[in-house]
Every structure is written in C-alpha cells, then in structure tokens.
Number of protein chains: 2
Amino acid sequence: MARPASKRPTDTELEILNALWELGAGTVREVHEHLSQQRDMGHTTVLKVMQIMTEKGLLQRDESVRPQVFRASRTQAQTQKALVADLLERAFDGSPGNLVLQALTSRRTSPEERRKIQALLDRHEKGRR
Amino acid sequence: MARPASKRPTDTELEILNALWELGAGTVREVHEHLSQQRDMGHTTVLKVMQIMTEKGLLQRDESVRPQVFRASRTQAQTQKALVADLLERAFDGSPGNLVLQALTSRRTSPEERRKIQALLDRHEKGRR
DNA sequence: GAAAGTTGACGAATTCCTTCGTATTGACCG
DNA sequence: CGGTCAATACGAAGGAATTCGTCAACTTTC
C-alpha cells in the first residue's frame, strides 16, 4: 500500500548526474558548486541525495580517498536512452515518430537542429549506426 | 523542507490520461475497466487518483450527471509536447537533436517509423507547420 | 599536537503518492 | 417512502523524496 521507488532518476538526481557527467567524476563539494550556479541547495542536501543515489546504484563511490569521489554508474547516453524509452512507452504508445513530431514542433528546434536530425536519419538510412 | 508536487503527471496519472484520451471522456468505472486490461487497481483507487487530478486541474469533471463524467483538461498532443520539452530541458541540455538520436537508436524504431520521421522532417523543411 | 575547518553519517521533519477501507450520499425499485 | 446498490467522499497507512540540523571523524594548519 505504498509507493514504489521510481524507476527513473528524480529531478534532483538527474541534476546531480548531469553535473557528474560534465565533471567526469567529482566530490560532493565539486558537485555542489556546480549545481549552485543554477540551484540553491545546502551542502548536506547534496551529500544526502548522493548517498541515496549510491545506495540505489546510480553512483559509484571511491571511499579510499578523502574527500570521496563519486561517478555515475551509467553513461549519459545510456541514461538518456532509457529515459526516452520510458517516455515512449508511457506517453507515446511506443511510437518514436510521435515523439519526434513533438520534438520537432518544439520552439527549441532551430533549423540547425533540424539539419542535425536529418543527418542522423541519413546515417540510419544507409547502413548501420 | 518538503517535496513539491510533481510538475508532470505521475505514472498513474498518465495511465488515466491515456485512457481518457482514448475514450474521449469517461466515468470512473469506464476508466477503471480500461485500465484493468493492463493493470490491477481497485475501483476506489482510480476514483481517488482522478479526484486528485481534478483538484490539480488535470481533469475536468461534469458533476451534473451521475455517474460523473471526466475528461482530460489538456489534449494528448499538448501533454506530449510538454513532456518532451521537460525531458529535453532536464536530460538533453535542450537539444532536440540529442533526444532524437536516442529515439532513433531505440529498438522500437522500425524502418517504417523512420520513414514517418523523414516525412515529418520534409514537411518542416519546406515551409510551415 | 591542539585548534579550526571539512567531510561524512544519521536521522528528523515534511509533503507527496499510491493504495484502500469505510462511510456517506444519491438513485432507482417496489 | 424505505431498502438496496452503486457512486462518491473521506481519511488513513506507509514508503518515497527533499531538505537540513547535528554530531562525529578526519584533515589541515599553526
């Protein structure tokens, strides 16, 4: 009669993952400073979330050094793919086309982005990868 | 010092929205039956969630009839677009290209889907919409 | 080596979400 | 009308998520 832990990283967790992907790896302090540029969070709050993320397996922790160094367990691409697959499943009936449609009509999609997408599509059309 | 209500519909809420979009509008019973095909949820549970969704503004309720009829406040397309924009912001640094890349490399993307996407791109390339 | 500063562990407080049990209200039938 | 059944409201239970305060442990610096 309870709520199951979210399969996806939460918003806060994702922000920390973004920081770690950019840093490669980092201490709580480094992550906190990175986040502070956009977000107002206490140092211990970041630490706590990162501890929980480590328990969940989202982060790896090197305890042999002080301060401890954290890194993401999965790559950004792996996580992004999982998030897209999840959203596809939950909100787009599994049809990537519908999802891409909404992405294309986003205000964020510049002609440049569109060319980028076209290039991706071409690469898929002729052969692999 | 607490948790803010999620800006996005939760998983359960999205399932109910999916049902209502497909039904057009429906009673709790109809939604429950629709959901029962994939999910095991009590009748009152569905009702409760739908009540909360109504409070949140996600659903509109016609109380003049019995049983009450609910419908989604926003269209599927509107919601999908918001979800994509949100994911774009949180996990793809605002770049639709990166998102589409992950969508394209999804196992769910058949050649047929790819053609569909190509058609969308073409439509965007030449002119409006 | 003691003081001062960092870092990390722990747990509390609070709200949200999911799930129902129970109670109340409303509608229909006889 | 009163009874019955469905529909709705109410509220509670309990785990998840977010945020810190507090204190202990460890480092660095005089």
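Scope of the values below: all heavy atoms of this structure, side chains included, with no hydrogens, waters or symmetry mates. In what follows, chains are A, B, ... by sequence order, proteins preceding strands, each numbered from 1.
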Per the under-4.0 Å heavy-atom filter, residues of residues 25-41 of chain A near DNA chain C come out as A/Val28, A/Arg29

Could you check whether B/Lys56 pairs with B/Glu13 (Lys NZ or Arg NE/NH1/NH2 to Asp/Glu carboxylate O, under 4.0 Å)? yes

Could A/Asp11 and B/Arg8 be called an ion pair, given the rule that one side-chain N must be under 4.0 Å from one carboxylate O? yes

Look at atom CZ of A/Arg71 and say whether more than 12 heavy atoms of other residues, nucleotides or ligands are closer to it than 6.0 Å. no

Between P of C/dG8 and CE of A/Met53, the distance in whole Å: 16 Å

Interatomic distance where CG belongs to B/Leu47 and P belongs to C/dG21 [whole Å]: 14 Å

Once hydrogens and angles are ignored, does a donor-acceptor distance under 3.5 Å link the base of C/dG8 to the side chain of A/Lys48? no

How would you list, by chain and number, every residue that makes a salt bridge (Lys or Arg N to Asp or Glu O under 4.0 Å) with B/Glu33, sequence neighbours excluded? B/Arg29

Say whether, by atom type as modelled, one donor and one acceptor occur between the side chain of A/Asn18 and the main chain of A/Gln76 under 3.5 angstrom. no

Give the residues of residues 6-17 of chain B touching DNA chain C, defined as any heavy atom closer than 4.0 Å, sorted by residue number. B/Ser6, B/Thr10, B/Thr12

Report yes or no: do A/Ile117 and A/Leu88 belong to one cluster of Ile/Leu/Val/Met/Phe/Trp/Tyr joined by side chain heavy-atom distances under 4.5 Å? no

Is there a path from A/Ile52 to A/Leu17 through hydrophobic residues (I, L, V, M, F, W, Y) whose side chains come within less than 4.5 Å of each other? no

Can you pull every protein N or O that's under 3.5 Å from an N or O on nucleotides 22-29 of chain D?
residue : atom : partner : partner atom : Å
D/dC26  : O4'  : A/Arg66 : NH1          : 3.1
D/dC26  : O3'  : A/Arg66 : NH1          : 3.4

Filtered N/O pairs between nucleotides 13-15 of chain C and protein, under 3.5 Å:
residue : atom : partner : partner atom : Å
C/dT15  : O3'  : B/Arg3  : O            : 3.4

Base, sugar-phosphate, or nothing: which does B/Gln68 touch, judged by heavy atoms less than 4.0 Å apart? sugar-phosphate

In this structure, would B/Leu14 and B/Ile16 fall into the same cluster of hydrophobic residues linked by side-chain contacts under 4.5 Å? yes

Contact list please: residues 57-64 of chain B against DNA chain C, heavy atoms, distance less than 4.0 Å, in numerical order. none

Whole Å only: how far is the CE atom of A/Met50 from the P atom of D/dC20? 16 Å

Whole angstroms only, please: what is the CD-P distance between A/Glu55 and C/dG8? 15 Å

